[in-house]
Amino acid sequence: MISLAVSRAAATEADVAQALAGLDNGAGVYFGCDAGIAGMHPRQATLVCRPALALRVSVRGVRAQALGPFGHALLALPALANWQTASQPAAGRSTLDSLRAFLAAFAPQPESMLAGTLNFDAHRLARPAPAADVADAVLGVLFFPETLLQRDNAGQWSRLTLGLRAAVPAVSAPLHASPGSVPNREQPPQAVSDDFMPGGHASMVARAVQHLRSQPLVSLTLSQSFRRRFAGSPAAAFARLRAVNPAPATFFLNDGTGSCLFGASPDLQLVVNGRVVQALPVCGTVARAPGAVGEAASFRELLNEEVDAASLAICSDALRNDLAPLCVPGSLRLTERLRQMSLATVVHTVDRIEGQLREGVDAWDALAATAAPAMLTGTPRPLALAAIKTFEASPRGWYGGLMVLVRADGDALVGTILRAASIREGVAEVRTGGDLLADSDPVREERESRLKAVSLWRALGLDDAGLVQADTAGGSELPTLPQAVCLLDAGDPFMQGVRDTLLGLGVGLDAAARGPAVLAGSDAERCAQALRDRGGRGRLLAWGDAAVHVLAGAGFDVERHLPQHGRSLRCIPAAAAPCAPEAFCVGMYGTVSLATRDATMPPDWDVWASDDQGRPLALAHPAERCVCLLFRPDSLLCAPAARELLRSALAFIATAP
């Protein structure tokens, strides 16, 4: 048994940044839990910046490659020399047994590990070794470290250097990746195209939904690839991604053959500690709206989405089915259900399953059993794999594969490769998809697929790719606001909040101003008097109950009801809205509301936004330059889009018709 000497020293974030930058031009791997759910995702990370060995993994065996003097010294040891002979593709030993035997040659030190990636076809590891005439498909690469950086759960980084006890490498050796093939980013192929034109993925999903309804398939996951030319630094793009989109499984790989892979996946698939195995399936995706209120609304939408909740339940049951043969009977249980997880651009829900591994079963068995999980393929898996081959336009490659870190002491982390970009020969490829049920909406699925790619395009500096115009487009020029408005108080209980909102936008308050005015308050008589004093509704912005009273005077039907204070409502912009193309949350206070629907509205008024029942929430009279906001744009319940609509309303009343 090989017992290695380990030199340890403190490391800094600058050391980590330097080592990651070195992975642009040399072999190595980073696998970290940079964010997630506290108590569910361990905040640790491993960066193998100087690998000693690269284990090239295939369906039929493992080939070891020394990447420096320490690697050559390791392979010369009798234990690994014998291992090499028995692990060649023609030797007959299964790939899993070869990987297991490699780590078994070392003392159970946590610093002795294999870290790297396996592609989507890693699910073939669970099958018996194929016959010699079957193609020996390459599955990926795993590195054994010489120098690595590790972050513990407290966030502290350490630098570790491994060596034979007779000759321990110096701790002061420079941090850089081992030599490897430099990716060619200067001469991309002539043809670079996506799998589908816009709408093509939805058409594929529509056909797949019909297939789901006619076949004994419970669920099916389909994906598509987007490709763009890329001449930048993959490591720099990964640094940007980690900064803006930390995730439960962030990863970077230079495989040493000219390919780089990086991503920020929501799915830390397996955590093995001793004999305890945990699976953390993720399903359901909704765009994360800005701000705390918007985020809460996104979670509410997600938790109310029955299809996504059902998809997650299916994924959890399928993972339980995969792990059941490996665990002590009765030990598998669901310990968390529909936990909310928020990432940079989307929100998800997560389940947690936990069980006790049987004697004779280890992390390699769990890895193979859960490769190509239900959330990335479907249920049952054999039928789903056949459907994927039928419907998808290109091979999956890395998508749906595995980030792998298995230690000699038996502990392991396994992440699913999602939200990832692969770069080879000057072309960046991003592949995304989603889980389908028989009642899935093809248009929604295509939008979700494109939304998932946004953070990668931004990291690559390709956010003008046009995948999701509403999500990637920059804001338009801000409207010109009035220098000052006359603030009219009709008995408003939150007048200081009204003042603060206007002043925060840079709009001054002038009680003597004869131009634009803002009216707030619930007293109908005071609202009517304010209109009489001004000579009408011209150049007026009214909000809350005051807006309803103004509209009642214009002929709208109104109704009185129990006080509706501190309520949140979904506001849907209309085509006439000057901004905010997406739905957003607004705060409601009041005792009166419109009884009018869009279709029965008095003439000369434009609807800027309505609620889910078609009742107007924002209206404008172009000729009079009057705007009525039935919500409270000063409320903290409002999403940032409500503030932009307020800004547009102020600009509207300040301009001549």
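Leu20 has its side chain within reach of Arg242: a pair of non-hydrogen atoms, C-beta onward, lies under 4.5 Å apart. Trp83 is listed as a side-chain neighbour of Arg93, based on a closest heavy-atom distance under 4.5 Å. No side-chain heavy atom of Phe230 sits less than 4.5 Å from a side-chain heavy atom of Val427. Side chains of Pro281 and Ser316 form a contact here, defined as non-hydrogen atoms less than 4.5 Å apart. Side-chain contact between Met113 and Leu148 is present, with heavy atoms from C-beta onward closer than 4.5 Å. Side-chain contact between Leu114 and Leu99: present, with at least one pair of heavy atoms (C-beta onward) separated by less than 4.5 Å. Two residues are said to be in side-chain contact when any heavy atoms from C-beta on lie closer than 4.5 Å; Thr370 and Asp322 meet this criterion. No side-chain heavy atom of Phe262 sits under 4.5 Å from any side-chain heavy atom of Leu253.
For the pair Asn254 (side chain) and Cys260 (backbone), a donor-acceptor distance under 3.5 Å is absent. Put simply, the side chain of Arg358 gets close to the backbone of Pro325: a donor and an acceptor are under 3.5 Å apart. Side-chain N or O atoms of Thr95 include one that pairs as donor or acceptor with a backbone N or O of Gly61 at under 3.5 Å. Within the 3.5 Å criterion, the main-chain N or O of Met375 finds a donor-acceptor partner in the side chain of Thr221. A donor-acceptor contact shorter than 3.5 Å is absent between the side chain of Arg288 and the backbone of Ser298. The backbone N or O of Gln356 lies less than 3.5 Å from a partner atom in the side chain of Ser331, making a donor-acceptor pair. No side-chain donor-acceptor contact under 3.5 Å links Arg50 to the backbone of Thr147. Side chain of Arg240 to main chain of Leu456: no donor-acceptor pair is present (N/O by atom type, distance under 3.5 Å, no hydrogens or angles). A donor-acceptor pair under 3.5 Å is absent between the side-chain atoms of Asp34 and the main chain of Ala247, judged by distance alone. Judged purely by atom type and a 3.5 angstrom limit, Asp365 uses its side chain to pair as donor or acceptor with the backbone of Asp362.
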- [ ] Determine, step by step, whether Leu402 and Ile417 satisfy the side chain to side chain contact (heavy atoms under 4.5 Å, CB included) criterion, reporting the C-alpha distance in whole Å, the side-chain angles of both residues, the deciding distance to 0.1 Å, and the verdict.
- [x] CA-CA 5 Å; Leu402 304 171; Ile417 297 177; 5.6 Å; no
TODO: Carefully, step by step, assess Gln340 and Thr349 under the rule side chain to side chain donor-acceptor pair (under 3.5 Å).
DONE: CA-CA 5 Å; Gln340 301 174 8; Thr349 48; over 6 Å; no
Open item on the list: For Gln44 and Leu413: C-alpha separation, side-chain torsions, deciding distance, then whether side chain to side chain contact (heavy atoms under 4.5 Å, CB included) applies.
Closed with: CA-CA 10 Å; Gln44 56 185 275; Leu413 293 177; 3.8 Å; yes
- [ ] Show your reasoning for whether side chain to side chain contact (heavy atoms under 4.5 Å, CB included) applies to Ser3 and Gln109.
- [x] CA-CA 8 Å; Ser3 180; Gln109 301 168 274; 4.2 Å; yes
Open item on the list: Apply salt bridge (charged side-chain N to carboxylate O under 4.0 Å, His left out) to residues Asp97 and Arg100 and explain how you reach the verdict.
Closed with: CA-CA 5 Å; Asp97 284 342; Arg100 186 178 289 114; 2.7 Å; yes
Task: Pair Leu47-Val16, side chain to side chain contact (heavy atoms under 4.5 Å, CB included): steps then yes or no - done: CA-CA 8 Å; Leu47 168 55; Val16 176; 4.3 Å; yes
Open item on the list: Let's go through Thr335 and Glu354 carefully: what are the C-alpha distance in whole Å and the side-chain angles of both, what is the deciding distance for side chain to side chain donor-acceptor pair (under 3.5 Å) to 0.1 Å, and is it a yes or a no?
Closed with: CA-CA 7 Å; Thr335 60; Glu354 184 176 297; 4.9 Å; no
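If you check the side chains of Tyr399 and Arg419, you find no donor sitting under 3.5 Å from an acceptor. Between the side chains of Gln150 and Ser158, no donor-acceptor pair of N or O atoms lies under 3.5 Å. Ser87 and Ser98 form a side-chain donor-acceptor contact under 3.5 Å, judged by distance and modelled atom types alone. A side-chain donor from one of Ser342 and Glu295 sits under 3.5 Å from a side-chain acceptor of the other. In this structure, a donor-acceptor pair under 3.5 Å is absent between the side chains of Arg63 and Gln88. For the 3.5 Å distance criterion, the side chains of Ser259 and Arg424 qualify, holding a donor opposite an acceptor. Side-chain polar atoms of Asp255 and Thr257 form a donor-acceptor pair below 3.5 angstrom. Residues Thr432 and Gln224 bring no donor and acceptor atom of their side chains to less than 3.5 Å of each other. Under 3.5 Å, the side chains of Arg431 and Ser223 contain a donor-acceptor pair of N or O atoms.
Checked for salt-bridge contact, Asp152 and Arg43 miss the test: no charged N lies under 4.0 Å from a carboxylate O. Using a 4.0 Å cut-off between a side-chain N of Lys or Arg and a carboxylate O of Asp or Glu, Glu429 and Arg228 do not qualify as a salt bridge. We find that Arg227 and Asp195 are joined by a salt bridge, their nearest charged nitrogen and carboxylate oxygen being less than 4.0 Å apart. Between Arg159 and Asp15, no side-chain nitrogen of the basic residue sits less than 4.0 Å from a carboxylate oxygen of the acidic one, so the salt-bridge criterion is not met. Glu13 has no carboxylate O lying under 4.0 Å from a charged side-chain N of Arg151, or vice versa, which leaves the two without a salt bridge.
In this structure, the ring of Phe251 has its center no less than 6.0 angstrom from the ring center of Phe31.
Nearest approach of Ile353 to Leu319, heavy atoms of both residues: CD1-CB, 3.9 Å. Scanning all heavy atoms of the two residues, the minimum distance from Met204 to Phe196 falls at SD-CZ, 3.7 Å. Of all heavy-atom pairs spanning Leu418 and Pro266, the tightest one is CB-CD, 4.2 Å. What you find for Asp409 and Pro110 is that their closest heavy atoms are OD2-CB, 3.6 Å. Residues Ala249 and Gly415 approach most closely at CB-CA, 4.5 Å, considering heavy atoms. Residues Cys327 and Val277 share a closest heavy-atom pair of SG-CG1, 3.9 Å.
Note: His123 and Phe120 have perpendicular aromatic rings, judged against thresholds of 30 and 60 degrees for the angle between ring planes. Using cut-offs of 30° and 60° on the angle between ring planes, the pair Trp457 and Phe226 is perpendicular.
Here CZ of Arg407 is found 10.0 Å from OG of Ser112. Values are rounded to the nearest 0.5 Å. A distance of 9.5 Å separates OG1 in Thr379 from CG in Leu220, rounded to the nearest 0.5 Å. Atom-to-atom distance recorded for Leu80:CG and Leu53:CG is 7.0 Å, nearest 0.5 angstrom. The distance from atom CG of Leu270 to atom CE of Met403, rounded to the nearest 0.5 Å, is 13.5 Å. Within the model, atoms CG of Leu125 and CH2 of Trp364 stand 9.0 Å from one another, a figure rounded to the nearest 0.5 Å. Note that the CG atom of Leu405 and the OG1 atom of Thr117 stand 12.5 Å from one another [nearest 0.5 Å].
With sequence neighbours left out, the salt bridge (Lys or Arg N to Asp or Glu O under 4.0 Å) criterion links Arg320 to no other residue. Among residues two or more places apart in sequence or in another chain, the salt bridge (Lys or Arg N to Asp or Glu O under 4.0 Å) test is passed with Asp351 by Arg337.
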